[in-house]
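Here is how names work: the chains are called A, B, and so on, in the same order as the sequence lines, proteins then strands, and each is numbered from 1.
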Amino acid sequence: MQTKKIINDGDDAVDEMLDGILLAHGDTLRASEDSGRAIIARHGPRAGKVGLVIGGGSGHEPTFVGFVGQGLADAAAIGNVFASPPPDPALACVKEVSGGAGVLFMYGNYAGDVMNFDMAAEMAAMDDIEVRTVLTTDDVASAPRDEIEKRRGVAGNFFIFKAAGAAADEMRDLEEVERIARHANARTYTMGVALSPCSLPQTRRWNFDLPEGEMEIGMGIHGEPGIERGPIKPADQIVDEMMDRIFDEMDAEQGDRVAVLVNGLGATPLMELYIMNKRVQARIEDAGISTHATWVGNYCTSLEMAGASVTVMHLDETLQRLIDRPCHCAMFRVV
Amino acid sequence: MQTKKIINDGDDAVDEMLDGILLAHGDTLRASEDSGRAIIARHGPRAGKVGLVIGGGSGHEPTFVGFVGQGLADAAAIGNVFASPPPDPALACVKEVSGGAGVLFMYGNYAGDVMNFDMAAEMAAMDDIEVRTVLTTDDVASAPRDEIEKRRGVAGNFFIFKAAGAAADEMRDLEEVERIARHANARTYTMGVALSPCSLPQTRRWNFDLPEGEMEIGMGIHGEPGIERGPIKPADQIVDEMMDRIFDEMDAEQGDRVAVLVNGLGATPLMELYIMNKRVQARIEDAGISTHATWVGNYCTSLEMAGASVTVMHLDETLQRLIDRPCHCAMFRVV
Amino acid sequence: MDANDIKAMLLAAADAMDDARDELCALDGEIGDADHGVAMSGGFGAIRTAIADLDGAVPTDVFNTAAKAFLNAVGASSGPLYATAFMRAGAAVKGKKQIDDADVPGLVSAMAEGIAHRGKAAPGDKTMLDAWGPASDAATAAKGQRAAVVLYAAADAAAAGAEATAGMQAKLGRAARLGARSLGHKDPGATSAAMLLKAMAKSMEKG
Amino acid sequence: MDANDIKAMLLAAADAMDDARDELCALDGEIGDADHGVAMSGGFGAIRTAIADLDGAVPTDVFNTAAKAFLNAVGASSGPLYATAFMRAGAAVKGKKQIDDADVPGLVSAMAEGIAHRGKAAPGDKTMLDAWGPASDAATAAKGQRAAVVLYAAADAAAAGAEATAGMQAKLGRAARLGARSLGHKDPGATSAAMLLKAMAKSMEKG
Ligand SMILES: Nc1ncnc2c1ncn2[C@@H]1O[C@H](COP(=O)(O)OP(=O)(O)O)[C@@H](O)[C@H]1O
Ligand SMILES: Nc1ncnc2c1ncn2[C@@H]1O[C@H](COP(=O)(O)OP(=O)(O)O)[C@@H](O)[C@H]1O
Ligand SMILES: [Mg+2]
Ligand SMILES: [Mg+2]
Ligand SMILES: [Mg+2]
Ligand SMILES: [Mg+2]
């Protein structure tokens with residue numbers, strides 16, 4: 001039996017979604033002439049500014065396209081569902097946003113994305129546009145600390161992209177924006193939990209199974225298996241397991257400040273995310289650190305997967321300033 | 001088998017959610033001294049301004065609490081899941097936001113809400129605070145046109161509250177704010193479709209069943225049965241059935257403008273909502289009218305229900321100005 | 001019968017609502033929003049707590065305490081309806097330390113009137129009034145008999161009335177939108193009303 | 001063998017990928033993200049369309065067209081890997097109008113090298129290279145025999161290699177995070193590689 005979706009032909013889902021997005025947000029977004037899968041910020045890209053290009057597979061909305069706009073990303077290259085975009089849209093993004101100060105690619109650390117964006121970067125080099133790359137690796141569950149370079153990028157993208165986008169918006173040079181992006185990535189930690197599978201529009205089959213009553217901690221945002229499966233626990237226990245792991249990675253000192261994202265994977269109601277946030281904030285207070293800002297909602301999803309993730313960004317003066325800097329995206333605003 | 005939720009004790013879900021909300025959004029929201037179920041806007045209520053108090057059952061987040069803030073509602077009275085708040089929190093809201101110019105109650109037209117808010121209004125009268133009431137009835141599927149007073153308020157609350165909140169923010173008097181609220185309600189039309197049931201935190205059982213492969217058009221946001229059940233159709237057909245019905249109610253003339261909300265019920269991904277929006281906008285263009293502004297996302301949910309609704313507000317000069325007026329709520333902003 | 005007997009009656013009702021919680025939610029799920037059991041067990045649970053620390057009270061105090069507790073714990077439709085019912089019951093026996101058998105029919109009628117007044121339902125609208133109405137009539141008809149007998153008569157009439165709601169088209173409440181589709185489903189509020197009265201009758205019999 | 005035979009081979013591969021779409025998605029679901037079948041059938045579907053209107057072409061043109069079509073339709077991991085494989089194949093037969101049996105081992109090895117170059121995988125990493133590597137060796141060993149025979153040898157070696165991946169721990173790709181948990185599951189990319197080669201061999205036999 002097919003999973004329930006409000007779609008037409010599953011193979012058209014991504015392109016129809018992008019049409020719907022441009023119809024709703026044409027004031028801030030447009031498609032590139034060269035590629036319908038390259039979505040460009042109408043305001044943002046400008047001469048002398050480092051261009052920030054993000055991207056990855058579809059199915060994580062509002063990531064990535066929702067974070068394109070003034071003060072954040074200048075463009076996003078959009079792939080098929082859970083599939084890296086090919087080099088062409090990424091290259092189209094580069095050409096559209098390049099303001100002479102170079103371009104930074106930022107995306108989650110997945111084999112496919114690395115290969116495709118690297119090919120795009122090689123092509124850009126042929127046009128004498130300097131492209132640097134910073135991979136996000138915030139998913140602490142995706143590899144042990146001694147293999148940090150194997151970790152995946154998940155909901156923490158939200159903070160990492162935001163910091164880099166703000167740095168570029170401050171007209172810092174490529175060197176500096178890259179440095180800040182790496183710094184932001186190094187200080188951002190995410191743990192996720194999944195309660196149900198999701199299904200691709202093209203297959204309409206559950207992409208894995210998670211039996212009644214069970215949850216999986218550390219599951220990837222594409223349904224990649226996680227680190228521990230077991231019976232669903234109370235919210236406070238789930239959050240405690242996440243926070244223990246996050247605190248374990250982050251060596252915060254008394255009085256340090258953090259930014260928090262309690263993120264829904266798609267099918268989990270705000271009620272549950274805010275219940276989680278209550279515990280997250282209690283744990284942060286117990287740790288003797290304080291929360292500078294909190295976001296709660298669906299920021300990095302996995303289609304209709306039920307579950308959530310908690311991201312903590314360990315702030316310093318620079319990161320706090322960059323996170324607070326206004327931005328205007330179709331699906332996210334800081335004022 | 002219990003439904004999967006990230007909660008602690010189901011009976012504490014609403015209060016823990018509110019704690020989590022205040023922890024995340026303490027800069028814009030606070031709880032009333034008199035009642036933890038009365039959430040007040042830190043900025044907004046002021047002397048001489050009509051106070052706008054909204055409210056209803058929980059489980060629809062960001063409706064209602066998310067729309068409390070400067071330029072929109074001054075306070076929300078929060079009930080248990082899918083249950084009207086008792087008179088006490090509503091009365092507490094009235095006392096907190098009354099600025100001497102009277103208070104307007106706005107909420108969806110449900111028997112329970114009417115009884116409880118009416119009792120609160122009677123109590124407020126004893127304190128010589130004038131309270132008027134405007135019920136929202138935007139769900140065109142919930143009763144025939146000749147029984148329009150029986151219709152329910154659903155996602156259209158978003159536009160109707162916004163218009164009334166902006167009118168109050170313009171410092172119009174109670175008479176005028178009430179008139180505008182009724183006017184906004186009369187020009188707002190919503191049609192919904194449900195793909196899956198939801199479950200109460202206290203019971204963790206599906207509150208109705210919707211067999212594999214089936215959808216129900218016109219289902220209420222509490223799972224109240226709708227008007228037509230059948231196999232899931234392609235997105236374009238679903239939207240066409242909704243828009244036919246909406247156009248049928250709204251006598252728009254060529255060149256008229258509308259505001260559009262494509263709303264997710266909880267478990268439906270943005271991808272599907274934007275696919276729907278593509279068709280919605282095509283139908284609007286075909287009708288010879290034009291879209292002034294579009295919102296797409298989860299604005300009025302039914303816990304983890306899968307499904308969506310389309311709301312069209314038939315604008316005029318006044319309504320357009322009021323919809324465009326800036327507001328700053330914890331979960332919704334117009335800048 | 002004194003305040004403690006009233007308390008005992010309410011505690012018995014509270015237990016009955018706990019037992020019936022899921023059944024009532026399921027009934028409400030068929031034509032409403034699946035929360036009636038939560039509302040009733042939550043409301044009477046609040047009554048249980050509120051009357052626990054209520055010493056040396058007269059019956060009216062117990063009813064008024066119950067009204068406030070139920071209302072603020074529940075909201076929903078049942079909150080105002082039962083709160084008003086209990087306030088009317090309290091008023092009906094105002095000033096009395098003891099209630100005798102002859103007062104019981106008046107108590108039941110007062111509750112029914114409170115519900116009718118608050119909800120503005122008409123008989124046949126497929127609401128809890130279709131249980132409370134018949135209950136009131138039966139109690140009045142049984143006047144002169146022992147309290148337990150009166151309450152059993154009311155409970156039986158309420159049960160019959162609840163059964164009859166299956167044949168009614170809802171005119172009020174969430175089920176109203178269903179029209180004909182509400183046929184064949186018992187109204188949850190009428191069903192819980194019958195259960196309440198039965199539990200109260202039982203406890204009266206014991207006490 | 002000319003451009004049309006290459007086209008026929010690719011069309012046969014495209015049909016094979018359509019047939020295997022759900023099976024490959026299911027395999028990928030066990031250790032990856034459940035989309036490998038979508039990627040392969042989508043990629044070869046794009047090849048099908050692209051080479052349809054490609055007349056009077058030489059083999060290299062067909063391979064280059066296939067490379068571009070697959071890459072832009074798919075992205076993902078398989079996109080760059082197969083795009084590079086096809087570009088290398090095109091380069092291997094550059095300038096030739098006709099390909100004879102002796103060229104076929106070189107074609108297979110070129111594809112394997114392209115995948116190795118692009119993906120930087122090592123044998124035993126549990127990737128499609130564990131099918132393409134053995135395929136390349138077998139093809140080279142079969143040099144001198146008829147094209148179909150060479151391709152069958154490659155296909156059999158690829159199939160054996162794919163089976164062997166079930167016993168490997170993933171070191172690259174999405175499955176890498178699984179470590180030991182990836183044991184017992186065949187790698188989807190290696191599996192599709194074996195299917196491709198088999199379909200190509202069959203079509204060569206016919207043509
Ligand atoms: N106006 C009314 N008058 C009398 N009873 C009503 C009225 N509206 C609803 N009811 C009763 O309330 C019951 C539903 O109660 P409940 O589920 O607790 O509240 P809600 O409908 O707000 O979820 C219905 O079954 C019906 O018996
Ligand atoms: N670096 C690599 N080198 C060779 N093959 C790889 C590499 N990374 C992944 N693969 C192959 O790609 C397959 C997955 O392809 P696919 O599912 O289409 O892409 P994605 O992993 O992006 O979803 C894996 O089964 C593996 O065989
Ligand atoms: Mg993929
Ligand atoms: Mg209810
Ligand atoms: Mg109910
Ligand atoms: Mg895959």
Look only at the side chain of B/N8 and the backbone of A/D236, and say whether a donor-acceptor pair between them is shorter than 3.5 Å. yes

Where B/P269 and A/E304 come nearest, the two heavy atoms and their spacing: CG-N, 3.7 Å

So, do A/Q2 and B/I232 sit near enough that their side-chain heavy atoms are less than 4.5 Å apart? no

Chain B heavy atoms under 4.5 Å from A/V81: which part of the residue, side chain, backbone, both or neither? side chain

Main-chain N/O of B/I6 paired with A/E272 side-chain donor or acceptor, under 3.5 Å: yes

With a 4.5 angstrom heavy-atom cut-off, which part of A/I238 approaches chain B: side chain, backbone, both or neither? side chain

With A/Y274 as reference, evaluate B/H25, B/E61, B/E16 under the side-chain hydrogen bond (donor to acceptor under 3.5 Å, both in side chains) test and give the passing residue. B/H25

Under 4.5 Å to a heavy atom of chain B? For A/L210 that would be both

Using a 4.5 angstrom heavy-atom cutoff, name the option from A/E214, A/M305, A/M271 with the most pairs to chain B. A/M271

Exceeds 12 heavy-atom contacts within 6.0 angstrom, atom CD of A/E228: yes

Pick whichever of B/R279, B/M1, B/Q281 has the most heavy-atom pairs under 4.5 Å with chain A. B/M1

Pick one of side chain, backbone, both or neither for B/M276, based on which atoms fall under 4.5 Å of a heavy atom in chain A. side chain

From the list A/L18, A/D9, A/L23, the residue making the most non-hydrogen contacts under 4.5 Å with chain B is A/L23

Name the option with the most non-hydrogen atom pairs under 4.5 Å to chain A; the candidates are B/T294, B/I21, B/L303. B/I21

Can you tell me if A/E285 has over 12 outside heavy atoms packed within less than 6.0 Å of its CD? no

Testing the basics here: between A/I275 and B/A13, what is the closest heavy-atom pair and its distance to 0.1 Å? CD1-O, 3.6 Å

What are the two closest heavy atoms between A/G20 and B/N277, and how far apart are they? O-ND2, 2.9 Å

Contact origin within B/A24 toward chain A - heavy atom pairs under 4.5 Å: both

Option that, when pairs with chain B are counted at under 4.5 Å, heavy atom only, ranks first among A/T301, A/I7, A/L270: A/I7

Residue A/V193 versus chain B: region with a heavy atom under 4.5 Å: side chain

Hey, could you give me the OG1/NZ distance between B/T268 and A/K4, rounded to the nearest 0.5 Å? 10.5 Å

Among the options A/D12, A/D19, A/D27, pick out the one with the most heavy-atom pairs lying under 4.5 Å from chain B. A/D19

Cut-off 4.5 Å, heavy atoms of chain A, and the answer for B/P62 is both

